[in-house]
Amino acid sequence: MQKELNKKYNPAEFEDKLYSEWQEKGYFSPSGDKTKPSFSIVMPPPNITGQLHMGHALDNTMQDILTRYKRMCGFNSLWLPGTDHASIATEARIVEAMKKEGVTKDDIGREGFLERAWDWNRVYGGRIIEQLKKIGSSCDWSRTRFTLDEGCSAAVREVFINLYEKELIYRGIRIINWCPHCLTSISDTEVEYEDRAGSFWHIKYPLTDGSGFVYLATTRPETMLGDTAVAVNPKDERYKNLIGKTVTLPLVGRIIPIVADDYVEPEFGTGVVKITPAHDPNDFEVGTRHNLPLENMMTDDAKITDNYPKYAGMDRYEARKAIIKDLEDGGFLVKTEPHEHNVGTCYRCDTTIEPRASLQWFVKMEPLAKPAIEAVKSGDIRFIPERFEKNYLHWMENIRDWCISRQLWWGHRIPAFYCDECEELLVTKEENPTCKCCGKPMRQDPDTLDTWFSSALWPFSTLGWPNKTEDMESFYPTSVLVTAYDIITFWVSRMIFSGLEYTRKKPFSDVLIHGLIRDSQGRKMSKSLGNGIDPLEIIESYGADALRFALTTGNSPGNDMRFFTERVESSRNFANKLWNAARFIMMNIDETASSDSIETASLEDEDKWLLSLYNRLITEVRDNIDRYELGIAVSKLYDFIWDIFCDWYIELVKGRLIDKASKTNMSAQNTLTYVMSNTLKLLHPFMPFITEEIWQTLPHKGESIMISDFPVGNKELDFPHQEENMRVIIDAVRAIRNHRAEMNVPPSRKAKIYIKTDKTEFFTGKEHFFVRLASATQVELADKVFDDNSIQIITDSAEIYIPMSDIIDTAAEKQRLTKELEDTEREIERAQSKLDNADFIGRAPEKVVNAERDKVNRFGIIRDKVKEAIQKLQ
RNA sequence: GUGGGUGUAGCUCAGUCGGUUAGAGCACUUGCUUGACAUGCAAGGGGUCGUUGGUUCAAGUCCAUUCAUCCACACCA
């Protein structure tokens with residue numbers, strides 16, 4: 001034997017060791033065999049700010065299962081890892097850290113800041129990669145990428161310039177979401193809305209001609225400083241005469257027009273709206289239609305500008321109070337009522353965002369969205385589960401232009417240059433361009449790009465695009481993208497339109513969506529709640545295999561899952577079971593036992609039965625994984641290994657194994673070894689470590705289970721007759737155990753059994769099973785009626801008599817038999833009513849009809865025998 | 001407001017193309033120092049598949065209705 005398994009299953013002893021062995025041997029890299037089909041996954045790059053959390057653990061476990069499976073199936077397989085610079089999140093963390101040192105961005109300047117950021121990446125970017133290795137991720141680390149590395153940056157510049165030339169990127173003044181804390185614009189997807197209690201302030205603006213007032217209401221009175229009009233609906237009879245007049249803005253004194261616009265709903269509020277084009281997206285639209293000036297009344301950090309000396313420097317909420325007070329004092333405040341409304345907040349820092357007109361770069365979305373919608377509608381790109389297509393399509397179909405410029409330093413700098421002399425704008429790959437008209441050096445745009453701009457290119461920028469690389473050739477489009485549903489709009493949709501636009505190909509064929517891992521009460525795991533469970537701690541206590549198994553079992557695509565430590569425990573117990581089964585095998589086989597083939601000619605029925613079930617398992621597991629039904633695949637493996645292999649097969653053959661002299665000893669050894677070894681292969685994608693450790697210990701050919709061939713279904717291992725035979729035997733054993741348990745007969749109390757059956761061929765030579773598994777002392781087969789003085793156990797294939805009349809309670813036995821008779825009759829009735837139905841006979845498939853006939857027959861036999869048994873008792 | 005999910009055993013969840021008597025883990029009851037494993041073995045109890053209707057030979061599964069619950073998107077100043 002190669003080596004022995006430790007008596008105790010202790011994953012910590014071998015998981016890290018095996019991982020480094022795999023890595024050293026280069027198993028994680030693609031085979032490079034071009035004659036084989038390719039399989040590729042790009043890993044959703046974790047942020048360099050991050051620690052591995054349960055979501056990562058699930059996401060990467062799923063990717064690892066698929067990759068290991070495909071690799072074993074012979075595919076030229078690549079799982080490409082990497083990290084994301086996470087522009088805004090990382091910058092915020094660094095600024096925070098600097099604050100503790102009393103340093104600001106301005107103190108150290110752009111260069112100094114970027115130095116710190118790269119240092120940060122060196123420290124924390126590597127950390128998460130080490131954590132990913134802990135869960136067994138078999139990705140090709142030699143291809144590890146970073147969204148801000150040389151290649152990704154080149155791809156970003158290429159795309160930016162290309163889109164600019166196609167006029168799909170433009171620079172302009174639009175309303176954007178401004179975070180006054182992060183001091184940058186953010187995109188619509190990065191805004192989160194929450195309900196907040198607020199007020200509705202009703203105020204009146206005097207008409208300039210002194211003929212009265214217009215009454216309106218607002219939730220943000222401080223923005224009145226930026227009002228450049230008041231609007232009414234053109235169809236609103238009440239206000240028709242006001243259109244074209246002007247009002248004088250209270251507190252400010254500015255004279256502003258009353259305009260007519262359909263946007264105003266007469267039914268809502270007073271039907272009059274104050275228009276603040278620089279601070280509200282809808283007002284901005286109205287302003288554009290009516291050529292209204294933009295009056296920006298706030299600074300970057302949401303304070304009132306110097307244009308309004310009375311309020312200058314006040315924070316927006318302070319200013320609100322002051323303005324309300326002044327309005328009240330001036331008699332302009334009519335009333336205040338409570339009002340709940342949705343407030344947009346920054347997804348990174350939770351600060352209330354400020355809609356703000358600002359000069360930014362945008363991607364024109366409509367032309368890009370069209371093909372992206374088509375690709376999904378046509379089925380070229382498939383979501384699993386399908387329902388997420390709707391989410392995606394809904395978002396794509398209502399998409400607005402994407403604000404991509406950020407007032408941050410950590411990220412891809414926008415490759416646009418300005419000449420301060422002649423206002424020339426140049427978008428170029430050059431690093432220090434000069435102005436075309438005046439020859440002077442140009443100034444680069446200080447802004448960087450939205451972090452998702454580079455993530456959108458991830459499936460191909462990581463493979464070497466825009467260069468025509470071998471990796472692009474072999475692995476693009478990628479096979480499947482695995483991610484959680486909360487990131488479909490942020491990322492998946494942007495990869496789809498980017499891939500289609502720049503590479504003219506879809507970035508991936510399948511999008512496998514999983515849910516979130518919640519805590520045991522169903523809450524999202526979050527830092528603020530402190531309810532997160534650290535996957536690394538779980539691995540330490542239970543092993544990575546147990547964690548992976550727990551995350552996969554009972555999980556189905558798209559659905560959230562609660563995390564219970566008990567579940568990990570039961571997964572660990574399963575690993576322990578497998579470990580001990582392997583130990584048992586090791587103790588009972590010789591060196592000649594073989595794992596790579598099986599000679600079926602000399603096998604016993606129970607061996608063939610096991611092989612037949614194992615063979616079916618192969619097809620089912622393959623089928624389930626191919627359909628991304630990982631949870632189903634894994635539970636089939638669990639059932640087979642625990643119930644079939646351990647609880648039945650091993651128990652069935654113990655006798656043959658112990659008796660080394662028996663003629664059937666060797667065939668039991670071979671079957672055990674063969675099925676165990678190959679079942680390990682089926683399980684390997686799910687539990688890579690324990691399967692490798694055991695496989696290495698068993699007789700095997702080849703270096704590693706990781707690079708062995710995934711089993712293929714084999715017709716020669718189908719043994720329907722033996723399956724039926726063993727079913728009959730197992731049924732009989734169960735029936736005996738059941739009766740004995742119900743009558744509280746301890747296993748130590750052995751008894752003789754007599755079997756009366758038509759199917760003697762099923763029972764002949766199987767007597768020893770009853771001795772071993774059903775507490776029998778002696779088994780007698782005979783086609784005769786046995787003494788009344790015994791209990792009678794009835795299955796569809798036999799009547800079993802156990803002479804124990806002295807210990808049974810006749811009344812209880814009669815009651816039990818009566819209940820059994822009733823149950824049986826109910827089942828017969830149910831099946832018979834189907835068979836009596838001409839439609840059923842006519843329309844149901846023959847197989848189904850025969851199954852029902854068979855049922856009636858089987859239960860009919862049982863019924864008659866039970867009846868007989870009851871009579872005998874009387 | 002629009003769209004979507006979920007509702008199955010005490011708890012957490014599976015349930016593939018509509019087709020045997022609806023499953024698992026945990027929990028529970030009973031028995032077992034059976035030579036791999038008490039992280040175990042055997043036996044068992046526990047379900048009107050949220051409600052009501054419909055389609056079908058056949059519904060946990062498909063359709064409609066309604067209740068509960070969760071989420072996404074969009075928002076009226």
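Just so we're on the same page: letters track the sequence lines, and every chain starts at 1. Predicted, not measured: the structure shown is a model, and the values here were computed from it.
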Novice: With a non-hydrogen cut-off below 4.0 angstrom, is A:Thr219 in contact with a base, only sugar-phosphate, or nothing?
Specialist: sugar-phosphate
Novice: State whether A:Glu354 and A:Arg220 are salt-bridged, where the test is any N-O pair (Lys NZ or Arg NE/NH1/NH2 against Asp/Glu carboxylate O) under 4.0 Å.
Specialist: yes
Novice: Students often get this wrong, so: under 4.0 angstrom with heavy atoms, is A:Arg400 touching a base, only sugar-phosphate, or nothing?
Specialist: sugar-phosphate
Novice: Does the side chain of A:His339 get closer than 4.0 angstrom to OP1 or OP2 of B:A77 through an N or O atom?
Specialist: yes
Novice: Of the nucleotides B:U20, B:U16, B:A43, which one has an atom closest to the side chain of A:Glu629?
Specialist: B:U16
Novice: Strictly below 4.0 Å: does A:Lys8 bring a side-chain N or O up to OP1 or OP2 of B:A36?
Specialist: no
Novice: Which nucleotide in the list B:C37, B:A14, B:C73 gets nearest to the side chain of A:Ser556?
Specialist: B:A14
Novice: Is it the case that the base of B:A58 and the side chain of A:Glu852 share a donor-acceptor contact (distance under 3.5 Å, atom types as modelled)?
Specialist: no
Novice: Return the stems involving RNA chain B, sorted by first number, where pairs are Watson-Crick (N1-N3 with N6-O4 or O6-N4) or G-U wobble (N1-O2 and O6-N3), both under 3.5 Å, and runs are 3 or more long.
Specialist: B:1-7 with B:67-73, B:10-13 with B:23-26, B:28-32 with B:40-44, B:52-54 with B:62-64
Novice: If the glycosidic angle is within 90 degrees of 0 it's syn, otherwise anti, so just tell me which one B:C63 is.
Specialist: anti
Novice: With nearest nucleotides of RNA chain B determined for A:Ala838 and A:Tyr9 from heavy-atom distances, which residue corresponds to the more 5′ nucleotide?
Specialist: A:Tyr9
Novice: Between A:Glu13 and A:Lys8, does at least one N-O distance fall below 4.0 Å, as a salt bridge requires?
Specialist: no
Novice: Taking the P atom of each, how far is B:G7 from B:C49, in whole Å?
Specialist: 14 Å
Novice: Would you indicate which nucleotide in B:G19, B:A77, B:C41 comes nearest to any side-chain atom of A:Val848?
Specialist: B:G19
Novice: Is A:Thr218 close enough to B:A77 that one of its side-chain N or O atoms is under 4.0 Å from OP1 or OP2 there?
Specialist: no
Novice: In terms of side-chain geometry, is the basic nitrogen of A:Asp626 or A:Arg622 positioned less than 4.0 Å from the acidic oxygen of its partner?
Specialist: no
Novice: Using the C1' atom on both, measure B:U8 against B:A24 and round to a whole Å.
Specialist: 13 Å
Novice: Applying a 4.0 Å non-hydrogen cut-off, can you work out what A:Asn738 is touching in the nucleic acid: base, sugar-phosphate, or nothing?
Specialist: sugar-phosphate
Novice: Among B:A74, B:U39, B:A36, which is the nearest nucleotide to the side chain of A:Asn576?
Specialist: B:U39
Novice: Have a look at A:Ala844 and say if it touches a base, only the backbone sugar-phosphate, or nothing, with a 4.0 Å heavy-atom cut-off.
Specialist: base
Novice: Please tell me if A:Lys524 has a side-chain N or O lying less than 4.0 Å from either OP1 or OP2 of B:C70.
Specialist: no
Novice: ring-ring contact (aromatic ring centres under 6.0 Å, His included) between A:His768 and A:Phe770: does it pass, once the steps are laid out?
Specialist: CA-CA 5 Å; A:His768 59 287; A:Phe770 294 90; 9.1 Å; no
Novice: Under 4.0 Å, counting only non-hydrogen atoms across every strand here, what does A:Arg572 touch: a base, just sugar-phosphate, or nothing?
Specialist: base
Novice: On RNA chain B, nearest-nucleotide positions of A:Thr553 versus A:Glu651: which is more 5'?
Specialist: A:Thr553
Novice: So what does A:Asp647 hit on the nucleic acid, given a heavy-atom distance under 4.0 Å: a base, only sugar-phosphate, or nothing?
Specialist: sugar-phosphate
Novice: Given the structure, check if the side chain of A:Arg562 and the base of B:U12 hold any donor-acceptor pair shorter than 3.5 Å.
Specialist: no
Novice: With under 30° as parallel and over 60° as perpendicular, where do the rings of A:Tyr638 and A:Trp642 fit, or are they tilted in between?
Specialist: tilted
Novice: What integer number of Å spans the P atoms of B:G45 and B:A64?
Specialist: 39 Å
Novice: Once you apply a heavy-atom cut-off of 4.0 Å, does A:Asp283 come out as touching a base, just sugar-phosphate, or nothing?
Specialist: nothing
Novice: Taking atom CD1 of A:Ile730 and atom CZ of A:Arg737, what is their separation to the nearest 0.5 Å?
Specialist: 9.0 Å
Novice: Measure from NZ or CZ of A:Arg494 to the centre of the six-membered ring of A:Trp402 and say whether it is under 6.0 Å with the direction within 45° of the ring axis.
Specialist: yes
Novice: Ignoring the backbone of A:Phe584, work out which of B:A36, B:G19, B:U16 is nearest its side chain.
Specialist: B:A36
Novice: Choosing from B:C37, B:A77, B:A14, which nucleotide comes nearest the side chain of A:Asn580?
Specialist: B:C37
Novice: Output yes when at least one side-chain N/O atom of A:Trp642 is less than 4.0 Å from OP1 or OP2 of B:G40, else no.
Specialist: no
Novice: If you only use heavy atoms from C-beta on, which nucleotide in B:G40, B:G35, B:A14 is closest to the side chain of A:Ile658?
Specialist: B:G35
Novice: Relative to A:Phe584, does A:Lys654 satisfy both conditions: NZ or CZ under 6.0 angstrom from the six-membered ring centre, and within 45 degrees of the ring's axis?
Specialist: yes
Novice: Check this one for me: any side-chain N or O of A:Arg627 less than 4.0 Å away from OP1 or OP2 of B:C17?
Specialist: yes
Novice: Hey, is the side chain of A:Asn398 poking within less than 4.0 Å of OP1 or OP2 on B:U2, counting only N and O atoms?
Specialist: no
Novice: Can you tell me how the ring of A:Tyr347 sits relative to the ring of A:Phe490, calling it parallel under 30°, perpendicular over 60° and tilted otherwise?
Specialist: parallel
Novice: Classify the nucleic acid contact of A:Lys847 as base, sugar-phosphate or nothing, counting any heavy atom under 4.0 Å across all strands shown.
Specialist: nothing
Novice: Can you tell me which nucleotide in B:U12, B:G19, B:G25 comes closest to the side chain of A:Tyr638?
Specialist: B:G25
Novice: Students often get this wrong, so: under 4.0 angstrom with heavy atoms, is A:Ile275 touching a base, only sugar-phosphate, or nothing?
Specialist: nothing
Novice: Please state whether the rings of A:Phe200 and A:His339 are parallel, tilted or perpendicular, taking 30° and 60° as the class boundaries.
Specialist: parallel
Novice: Whole-Å distance between B:G15 C1' and A:Lys636 NZ?
Specialist: 11 Å
Novice: Using a cut-off of less than 4.0 Å, is there contact between a side-chain N or O of A:Asn573 and OP1 or OP2 of B:G40?
Specialist: yes
